[in-house]
Asks: 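Sharing a structure here in structure tokens format.
Just so you know, these numbers come straight off a predicted model, no measurement behind them.
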Amino acid sequence: MPLRSFLAFCLVLLAALSLEAPSASAVEAIAVRLDAKVTDLLPAVERLRTDNERVQISTAPGADGIVRRIEVRSSDGRPNPNWVAFALSNNTDEQVDRLIVAPFYRMVGSGLFWPDLGNRRVLSLTPSQGFKPERQSAPDADVFLVTLDPGTTVTFVAELAGPNLPQLYLWQPDAYKDKVNSFTLYHGIVIGIAGLLALFLTILFVVKGSVMFPAAAALAWAVLGYIGLDFSFWSKVFGLSPVAEQFWRAAGEAVLTATLLVFLFAYLNLNRWHVRYVHVAVGWLAFLAALVAVALLDAPVAAGIARLSLAAVAVAGLLLVIWLSQHGYDRAVLIIPTWLLLVVWVVMAGMTVAGVVTNDLVAPALSGGLVLIVMLIGFTVMQHAFAGVGAVQGSASDLERRALALAGSGYIVWDWDVDSDRIYVSPEAEEALGLKRHSLETEAAGWLEVLHPGDRDRFRATLDGIIDQRRGRIDQDFRLRAIDGHYLTFNLRARPVVGADGEVVRCIGALSDVTGERVAAERLLHDAVRDNLTGLANRELFLDRLDQALTFAKVDDSLRPTVMMIDIDRFKQVNVSVGMAVGDSILLTVARRLMRLLKPQDTLARISGDQFGMILLSERDPERITTFADTLRRSLRAPITFAEREVFITASIGLVLSGPDLGKREDVLKDAELAMYFAKRIGGDRIEVFRPAMRQQKIDRTSLESDLRQALERDEIIVRYQPVVRLHDRAIGGFEAFMRWRHPTLGELAAADFIHVAEETGVILDLGLFMLERAARQLGQWQRILKVEPPLFMTVNVSSRQLLRHDLIQDLKSVLARNVVAPGSLKLEVTEALAMENPEYAAVMLQRMRDLGAGLVMDDFGVGQSALAYLPRLPFDAIKIDQRFTRDTAKGPARAARPIIVGSMIDLAHQLGMEVLAEGLEKETEAGEMSRLGCEYGQGTLFGEPLTAEECRALLEPSPAEERRRRSA
């Protein structure tokens, strides 16, 4: 046949095929990583719909770049089946085995109204090449084993059982097996506990006939059935079909709600309060019973109503319990904590089914929490079941009850017979002190010998006061001497007994050994105001004494407190060289040397690690104060000997002299620290007196670190955007994002002022993620408003700490998912030196970032270690020429050689398919020269300083005159 007729026949045939089975465009392949245990395939899945029983689709291009067409027919020949397609690519040199897992019912994201109760997800899975995946045996998911040969890309077409496919994962077989085993063990433990709890409450119901016990047992069995369904336990035991499991799941939720309602009614004994509660409960139960019948017809509808009913029971029950507790109903008071926990559980379950909480562990945790709630209900019920058991039977006199209570409390009996002046104590007191029996049974004056000298007068005055007043109580602590000479503290609680004549005949009470409590209290008090290592006052006590000194100085002009801050120079290096133990010994030595120079009215404190504070009251003349400070400095310079090794230390001292302008204690201490840090900055081993001009100096590194950690929380980090223009037409092509810190005292700081601190402390990770998020969000807004071609771009610097973290890929993926920007328009700047620190690792990380849709710019090209050997392997879109090459400040031969070097760089970049950006342009001549050499973009003060987002938008939006010209054109 002629060629023209053959072509026409082919066109007709293709048209017929396209009418018969709609096709889809080629899917994008997901690269299978060897180190990834699980990969979420759902974002890459393409959903397909057909009007007949088959589907045609273009496969993902393979290694040869060829896109093929495949056709898949429905497994059961049903019309309008649901299809999904996805592709997997094995770019490694190893054969890869993976499991494609489509879980059945999951509580997470199942929905509140008409929840998804489906079981079967994937009917068949067809690959574009190779053998058909084997379906693995699994009770709670559709699992297929796929094998990917090295360097292959396989497109899979899955026929779904229904329109929903909530989850689709790619698992390593061993990792999936471990996950299944761990969850199976957890499920077994929870089901075992729930079964034992249900059995125990059932036995309790048999023993006790109250109606609350069968209600609690029914609730426990309902919970056991519900978690058994949720863990697919019953489907394994009884082999339930998917349709039957949906019915039982909906019916189980209705039964759980019903048993919870019955328990609440029975426990609170609501029928004795009002007959309306009975009518409401019976009507509600009838409605829940009808839901079971509805589940036979439409299980999702019944499950949705049951979930709403469960929430209503929980909320209504909480309101009812609170109302009854306020009216003095003890049972309601006891159930409040458990019911509050139930309401929290219902809220978390609602957030889970609504998809707000999506962690895979939340559903098993909720099941375990439900068992815990039933366990708490069981404890509450047991409290009622065994109330009164073991109580003392029969009647007893009041005196016997008091004697039994005293014996049970463990107190020591103390009895003073006033008439005979004899004191009797139980033998436990003499045993505690190590004394002989009856040693303490003596007259009151005899106790003075064993009492601490500081307590004797108080003991005597207390007994005399009781005799004189003929009333009152004794509640005093006294110290008694033990046989070995140390003292134990006892608390005496006693009261007088008055005779018929109105006189005190005896005083009787109890002693208790409170030595441990007093020692603990004294230790806590000491630790609260003293340093544990040196025994000096700590920062809190120092501030308190400083506050007192400043207050007294305002009243007494002769009192002139001087505040000193003493910091040991390079103490961290000393610690590293000699060890922490020797470092602590050095601090003790320093404390002793300083204490020897002080007088009783002065205060020395350890403020922090190697910083000491001093309040000097013994010296008032400024010259004598500075002389005293110099004596301190010289005494600290004396060598310290440890194990035939001498350690030399020096100190920086800051002074705040007394004056009428002294402010609050915090301000005075801050001024002393400023003077001390000023002494350290100019070399250390110095004494500096505070001057107000020091407040204008930048804050020290420690304060800078502390403020920087809180800068993001305080919303102090802002972003400025510097325009990047196209040199051939001077139009704005994009922006570079710069970080700024609005410091509360130092004003706006550039990134160079604090970036090194952020790198060392790790705060750069949070700052980098903040910059990525803010830059992407702003770029997306501008691109949506200004739809220009090519789209605006934004460059953001990436630090070394960020590039070395694997989380950078996930952070970038999350940022790009939350902010819609044109592919490649969010460009990450990586310096040449950073890329060359580990070029192999950098190549892998940069390629992953580019695969996610980010652009890449090599910053500071030509400045550091040469990357020419690796440049073709590094997937950069552009290079940025450093300002040292772009500025025409050179003279002589260097000035003539500069255009040659820059031109070579630009030609090299163009040969590799990269664009070129020149930074630091300050003159029009520099911009013109870069444009003539072929540089596409330029930035610098010539085109504008870093601006706010509002100022940038004003630059981007055309003026009214330009807008009229554009419309007229």
Side-chain angles (χ1 to χ4, degrees), residues 28 40 43-44 711-713 715-725 732-742 751 755 758 763-831 834 845-859 875-878 880 915 917 919 937 939 944 946-957:
E28 184 177 354
D40 187 6
L712 278 176
E713 300 176 2
D715 198 22
E716 295 173 359
I717 302 299
I718 58 176
V719 183
R720 296 281 188 259
Y721 307 93
Q722 185 177 36
V724 180
V725 304
I732 295 178
F735 295 89
E736 180 175 358
F738 288 95
M739 188 187 311
R740 295 291 186 266
W741 180 9
R742 288 186 299 197
I755 201 69
V763 182
I764 188 64
L765 302 178
D766 296 331
L767 295 177
L769 180 58
F770 169 81
M771 285 293 294
L772 274 178
E773 180 72 32
R774 185 63 61 87
R777 185 192 310 166
Q778 188 61 66
L779 178 61
Q781 293 177 2
W782 286 339
Q783 288 181 351
R784 286 191 295 273
I785 296 173
L786 303 170
K787 298 180 179 179
V788 298
E789 289 297 335
L792 290 173
F793 62 82
M794 181 81 71
T795 62
V796 184
N797 286 285
V798 176
S799 71
S800 58
R801 291 288 293 267
Q802 286 179 277
L803 188 64
L804 294 176
R805 291 176 69 247
H806 291 286
D807 291 346
L808 175 60
I809 302 299
Q810 186 61 38
D811 292 342
L812 179 60
K813 183 178 180 180
S814 301
V815 168
L816 292 177
R818 290 191 295 267
N819 303 279
V820 179
V821 298
S825 60
L826 180 63
K827 300 179 181 294
L828 306 183
E829 289 191 12
V830 179
T831 63
L834 178 58
M845 291 291 290
L846 293 174
Q847 185 60 50
R848 291 179 182 174
M849 288 189 283
R850 186 168 183 177
D851 293 341
L852 291 176
L856 298 171
V857 178
M858 176 180 283
D859 194 9
F876 285 103
D877 303 318
K880 178 180 284 189
E915 295 179 326
L917 191 155
E919 66 175 353
Y937 296 97
Q939 70 179 99
L947 308 172
T948 64
E950 293 76 12
E951 294 170 339
C952 292
R953 182 170 178 177
L955 286 178
L956 294 171
E957 292 180 346

Asks: Could you grab the distance from atom CG of L772 to atom CG of L828, nearest 0.5 Å is fine?
Replies: 6.0 Å
Asks: Nearest 0.5 angstrom please: L779 CG to R774 CZ, how far?
Replies: 14.0 Å
Asks: Restricting to non-hydrogen atoms, name the atom on V724 and the atom on E736 that form the minimum distance, rounded to 0.1 Å.
Replies: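 Nearest heavy atoms, V724 then E736: CG2-N, 4.0 Å.
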Asks: Shortest non-hydrogen contact from R784 to V820?
Replies: NH1-O, 4.1 Å
Asks: How long is the gap from CG on L808 to CE on M849, to the nearest 0.5 Å?
Replies: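 If I round to the nearest 0.5 Å, the distance is 5.5 Å.
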Asks: Is the CZ atom of R953 crowded by more than 12 outside heavy atoms at less than 6.0 Å?
Replies: no
Asks: Which pair of heavy atoms, one from Y937 and one from G733, lies closest together, and at what distance?
Replies: CE2-CA, 4.3 Å
Asks: Do V857 and F793 touch side chain to side chain, with heavy atoms closer than 4.5 Å?
Replies: no
Asks: Check P723 against Q939 and note the closest heavy-atom contact, atom names and distance.
Replies: O-CB, 3.6 Å
Asks: Between M771 and F738, what is the shortest heavy-atom contact and its length?
Replies: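 Looks like CE-C, 3.9 Å.
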Asks: Look up atom CG in D877 and atom OG1 in T795, then write down how far apart they are to the nearest 0.5 Å.
Replies: 12.0 Å
Asks: How long is the gap from CZ on F735 to CZ on R720, to the nearest 0.5 Å?
Replies: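 Answer for the CZ-CZ pair, F735 versus R720, is 13.5 Å.
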Asks: Would you say the side chains of Q781 and N819 form a donor-acceptor pair under 3.5 Å?
Replies: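 No, because no side-chain N or O of Q781 sits under 3.5 Å from a partner of the opposite role on N819.
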Asks: Which is it for E919 and D859 under the side-chain contact (heavy atoms from CB on, under 4.5 Å) test, yes or no, and what are the steps along the way?
Replies: CA-CA 10 Å; E919 66 175 353; D859 194 9; 4.0 Å; yes
Asks: Flag the pair L792 / L956 as yes when at least one side-chain heavy-atom distance between them is below 4.5 Å, and no otherwise.
Replies: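 Yes, their side chains come closer than 4.5 Å.
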Asks: Using side-chain heavy atoms (C-beta onward) and a distance below 4.5 Å, is C952 in contact with Q778?
Replies: no
Asks: Examine distances only and state if a side-chain atom of R850 and a backbone atom of P875 form a donor-acceptor pair shorter than 3.5 Å.
Replies: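 Yes: the side chain of R850 pairs with the backbone of P875.
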Asks: Show your reasoning for whether side-chain contact (heavy atoms from CB on, under 4.5 Å) applies to W782 and M794.
Replies: CA-CA 10 Å; W782 286 339; M794 181 81 71; 3.6 Å; yes
Asks: Does I717 have any side-chain contact (heavy atoms from CB on, under 4.5 Å) partners at least two apart in sequence or in another chain, and if so, which?
Replies: A711, L712, M739, W741, L767, F770
Asks: State the CG-CG distance between L852 and D811, to the nearest 0.5 angstrom.
Replies: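 Reported value, rounded in 0.5 Å steps: 11.0 Å.
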Asks: Does the pair E915/K827 count as a salt bridge with the N-to-O cut at 4.0 Å?
Replies: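 Salt bridge between E915 and K827, a charged N being under 4.0 Å from a carboxylate O: no.
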Asks: Looking only at heavy atoms, what is the nearest atom pair of V815 and L769, with distance?
Replies: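 Scanning both residues, the minimum pair turns out to be CG2-CD1, 4.1 Å.
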Asks: Is there a side-chain contact (heavy atoms from CB on, under 4.5 Å) between L947 and Y721? Walk through the geometry before answering.
Replies: CA-CA 5 Å; L947 308 172; Y721 307 93; 5.7 Å; no
